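Okay, structure first, notes after.
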Amino acid sequence: MPLAPARVRFAPSPTGRFHIGSARTALYNYLLARQTGGQLIFRIEDTDQKRYIPEAEQEFVEALKWHGIKWDEGPDVGGPYAPYRQSLRGDIYHAQIEEMIDRGAAYACFCTPERLAELRKSQQARKEPPRYDGLCRRLEPSTAEERVRSGEKHVVRFKTPQQGETRGVDVLRGEIVVQNETLDDYILMKSDGLPTYHLAAMVDDHLMDVTHVFRASEWLPTFPLHVLIYEAMEWQQPAWVHLSVFLNPSGKGKLSKRDAEGSKSGSAVIFSLDLRNMGYLPEAVNNWMALMGWSYDDHTELFSMEELIEKFSIEKLNPSPAAVNYSKLDHFNGVYIRGLSVNELQKRIEPFYAQAGIETSASLLNQITPLIQERIRTLDEAVQISSFFFQDEVHPDPQDLIGKNLSPSESANAAREAQMLMDTKSSFEIEPLEAALRDLADQLELKPGQLFGILRIAVTGQRVSPPLIETMVILGRETVLKRVAEAVKLLERLNDSS
RNA sequence: GCCCCCAUCGUCUAGGGGACCAGGACGUAGCCCUUUCAAGGCUAAGACCGGGGUUCGAAUCCCCGUGGGGGCACCA
């Protein structure tokens, strides 16, 4: 059954980097919008002038694009509900707050931060929950209005009912009931004239006709307030969906950079752009993220963006917190890398060579890529595993050159024989070369693995490499001969000194 | 301290009263394949937090406890 077109929004605050938790929220929003033929709104919630970071918005845009999440309305593309930047919507909030005061749902408060701090202190000393004591709530509306008009510094608070209970419906959790007496008279408008999240987000969501609100479950504690605001203004509530939080890989605490468990970088990678820079594919990251807190069925785990759009459903969202699992990300990334065409993989790998200062050629890369495709889990590993292709010489550890169960002189001899064979062999192609080397091993009474092992280290300088014969053919006879000759010298020296 | 949320293998999860001696995936271990490493194939170990109810019957519903998480700002 197709759902009605959903209007959803991704509304980050430009106060920091783009976190994978935000990415997942944005993804779900995007999926629902696309699935239902609705719109995704990108809104900037920049009402905190103290924590504002100018570069943040740029990172959001870059990260969102990397993920492949596109929005229909936003500060850059405009739209019928513009502006999409809260700092530009001051008049709207002021009009709304005025109406709230008129309705008796909000009031001006002239208490100073100092008084509030003291109040909190004494309440805590008495082991009472810290809450506003309602001093200004008891002011006559007319006198409050006068003081406001005279320019007295003030905030505006929500007049929370002091009895009864508030019920809000979270789609994942059902009805959430809270006693009103446990709530506070939250500040809606700060003394600088800018709204808090509570006011701005509610006003915007309503005015922008948002139908579904996906947000982090950190908002659950103030959820009743938001319901109360909607009720006071007699607005129709959206469907509220509080997404579970991401926990550290250890399962202890909210995901933070500190927790390095299971991560290969020494600290948890929690920013989208860092994931990108480490060589993760956006399609793998999306797939991985989508599955933390959402599932489709028992046996399907691989989803393209198109499939996610088709299969996503709010009902299958899971309200419990999820510990991130980086090894599963690695797995997904490997799967997606293997699923790429050689050309596509080559295109994605190229920047990582450039970043490592390695100059590549398209034709060489074209030969190398299929060899490493099933051996790498992240794009940057391509560089590590194949850099020997691009170096003039390689520097193997002489000890590594000794063949399995062989002496240095036996190893040197085998290398010399191979060198001779490859020097004189007419064709330097995969099948004949492999056959010839196997014959040689046979003659020398070596296992192929022993001979190949020596050559592998000699030619690549690494214990682990792409398949040997293919590698040598790509490298070319001249380079191979040179490197084997070098290895022979190293082995002979080893022989002499031991 | 107060309020709220959550609770199935180490992790992500399937499960929404009988189909469950609980299924899948990652990870782990073993075997096979193999010139290294991977990839691939096969196999194994591994969970319903505890206690009360309700019911003929509970992983599934209710209550309590415990554990975990989140929040308690003129931040979002």
Side-chain angles (χ1 to χ4, degrees), chain A residues 11-16 45-48 50-51 109 111-113 116-117 120 124 126-131 153-157 170 172-173 176-179 182-184 186-192 194 196-198 200-201 215-224 242 244-245 247 249-254 261-262 288 291-302 316 318-332 334-335 338 372-377 385 404 434 437-438 441 447-457 460 462-469:
Chain A
S13 180
T15 53
E45 306 214 328
D46 55 346
T47 57
D48 185 350
K50 290 185 215 79
R51 296 198 306 154
C109 171
C111 294
T112 62
L116 263 19
R120 234 191 321 269
Q124 269 157 356
R126 275 175 281 143
K127 305 224 161 163
E128 286 171 19
R131 263 196 295 264
K153 203 163 182 176
H154 67 284
V155 300
V156 178
R157 289 179 182 273
D170 173 88
L172 309 184
R173 287 159 256 258
I176 291 169
V177 186
V178 171
Q179 297 304 310
T182 67
L183 267 23
D184 203 353
Y186 299 95
I187 289 172
L188 301 177
M189 176 92 62
K190 298 174 273 184
S191 61
D192 62 6
L194 292 172
T196 60
Y197 170 87
H198 306 306
R215 32 136 70 158
S217 64
E218 280 107 323
W219 291 110
L220 239 21
T222 45
F223 178 36
H242 293 92
S244 66
V245 289
L247 265 27
S250 58
K252 295 260 174 203
K254 221 163 124 176
E261 198 173 303
W288 172 67
L291 256 18
M292 284 192 286
W294 176 80
S295 61
Y296 180 62
D297 64 22
D298 253 16
H299 295 92
T300 324
E301 284 226 309
L302 237 46
K316 298 288 281 180
N318 189 152
S320 47
V324 299
N325 184 345
Y326 287 106
S327 58
K328 194 150 188 175
L329 205 211
D330 285 343
H331 170 255
F332 274 127
V335 169
R338 275 170 259 135
I372 62 175
Q373 183 156 23
E374 66 185 28
R375 277 160 243 273
I376 58 174
R377 315 200 90 188
I385 198 175
K404 208 174 176 188
E434 174 165 2
L437 285 170
R438 282 184 187 278
K447 287 186 176 155
Q450 291 176 298
L451 210 215
F452 289 4
I454 297 167
L455 293 178
R456 177 186 318 283
I457 307 284
T460 70
Q462 305 174 174
R463 291 173 155 281
V464 173
S465 83
L468 212 221
I469 314 295

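Keep in mind the model is a prediction, meaning the values are calculated, not measured. In what follows, chains carry the letters A, B, and so on, assigned in the order in which the sequence lines appear, proteins first and then strands, with residues in each chain numbered from 1.
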Separation between the [atom1] atoms of [N] and [M], rounded to whole Å:
N     : M     : atom1 : value
B:G1  : B:U60 : C1'   : 35 Å
B:C12 : B:G27 : P     : 15 Å
B:A59 : B:C9  : C1'   : 13 Å
B:G17 : B:A25 : P     : 26 Å
B:C6  : B:C49 : P     : 15 Å
B:C64 : B:A45 : P     : 39 Å
B:G67 : B:G50 : C1'   : 10 Å
B:A29 : B:C75 : C1'   : 48 Å

Base-contact (B) and sugar-phosphate-only (S) positions in nucleotides 65-76 of chain B, heavy-atom cut-off under 4.0 Å, - elsewhere: ----SBSSSBBB
How many whole angstroms separate atom [atom1] of [X] from atom [atom2] of [N]?
X        : N     : atom1 : atom2 : answer
A:Leu329 : B:A25 : CG    : P     : 19 Å
A:Ile385 : B:A38 : CD1   : C1'   : 8 Å
A:Arg173 : B:C4  : CZ    : C1'   : 10 Å
A:Ile457 : B:C37 : CD1   : P     : 11 Å
A:Arg215 : B:C5  : CZ    : C1'   : 14 Å
A:Glu374 : B:A39 : CD    : C1'   : 4 Å
A:Asp330 : B:A39 : CG    : P     : 11 Å
A:Asp297 : B:G16 : CG    : P     : 14 Å

Sugar-phosphate only, base, or nothing, as touched by A:Lys316 at under 4.0 Å among non-hydrogen atoms: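 Sugar-phosphate: the residue A:Lys316, judged by heavy atoms under 4.0 Å, touches backbone atoms but no base.
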Sugar-phosphate, base or nothing in reach of A:Asp170, heavy atoms under 4.0 Å: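 Contact class for A:Asp170: none.
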A:Thr196 side chain vs A:Ile187 backbone, donor-acceptor pair below 3.5 Å: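 Yes: the side chain of A:Thr196 pairs with the backbone of A:Ile187.
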Sidechain-backbone polar pair: A:Thr182 side chain, A:Gln179 backbone, donor-acceptor under 3.5 Å: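 Looks like yes, one N/O pair under 3.5 Å.
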Sequence-distant partners of [X], side-chain contact (heavy atoms from CB on, under 4.5 Å), two or more places apart:
X        : result
A:Gln124 : A:Pro130
A:Thr15  : A:Ser13, A:Arg51
A:Pro466 : A:Leu371, A:Ile372, A:Ile385, A:Phe388, A:Phe389, A:Thr471
A:Leu116 : A:Cys111, A:Tyr132, A:Arg157

Partners of [X] by side chain to side chain donor-acceptor pair (under 3.5 Å), sequence neighbours excluded?
X        : answer
A:Asp170 : A:Arg173, A:His242
A:Asp192 : A:Gln49
A:Glu45  : A:Arg43, A:Gln86
A:Ser320 : A:Asn318

Of A:Lys328 and A:Pro129, the one whose closest RNA chain B nucleotide lies more 5':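 Per heavy-atom nearest nucleotide, the more 5' residue is A:Pro129.
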Listing time: all N or O pairs from protein to nucleotides 32-35 of chain B that are below 3.5 Å?
from: B:U35; atom 1: OP1; to: A:Arg438; atom 2: NH2; distance (Å): 2.6
from: B:U35; atom 1: O2'; to: A:Arg456; atom 2: NH2; distance (Å): 3.2
from: B:U35; atom 1: O2; to: A:Arg456; atom 2: NH2; distance (Å): 2.3

Watson-Crick or G-U wobble mate for B:U28, both contacts under 3.5 Å: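 Paired with B:A44.
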Polar pairs (N or O, both sides) under 3.5 Å between protein and nucleotides 40-42 of chain B?
from: B:G40; atom 1: OP1; to: A:Arg338; atom 2: NH1; distance (Å): 3.3

Heavy atoms of other groups near A:Lys447 NZ, more than 12 under 6.0 Å: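 It does not: A:Lys447 NZ has 12 such atoms or fewer within range.
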Whether A:His198 and A:Trp219 hold their rings parallel, tilted or perpendicular, with breakpoints at 30° and 60°: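 Perpendicular: the ring planes of A:His198 and A:Trp219 meet at over 60°.
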Side-chain N or O of A:Arg377 closer than 4.0 Å to phosphate OP1/OP2 of B:G27: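 For B:G27, OP1/OP2 do have a side-chain N/O of A:Arg377 under 4.0 Å.
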Any A:Asn318 side-chain nitrogen or oxygen under 4.0 Å from OP1 or OP2 of B:A7: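 So the side chain of A:Asn318 is outside the cut-off, no N or O lying under 4.0 Å from OP1 or OP2 of B:A7.
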Results of salt bridge (charged side-chain N to carboxylate O under 4.0 Å, His left out) for A:Glu218 - residues two or more places apart only: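 Testing A:Glu218 for salt bridge (charged side-chain N to carboxylate O under 4.0 Å, His left out), a comparison that skips the adjacent residues, returns A:Lys254.
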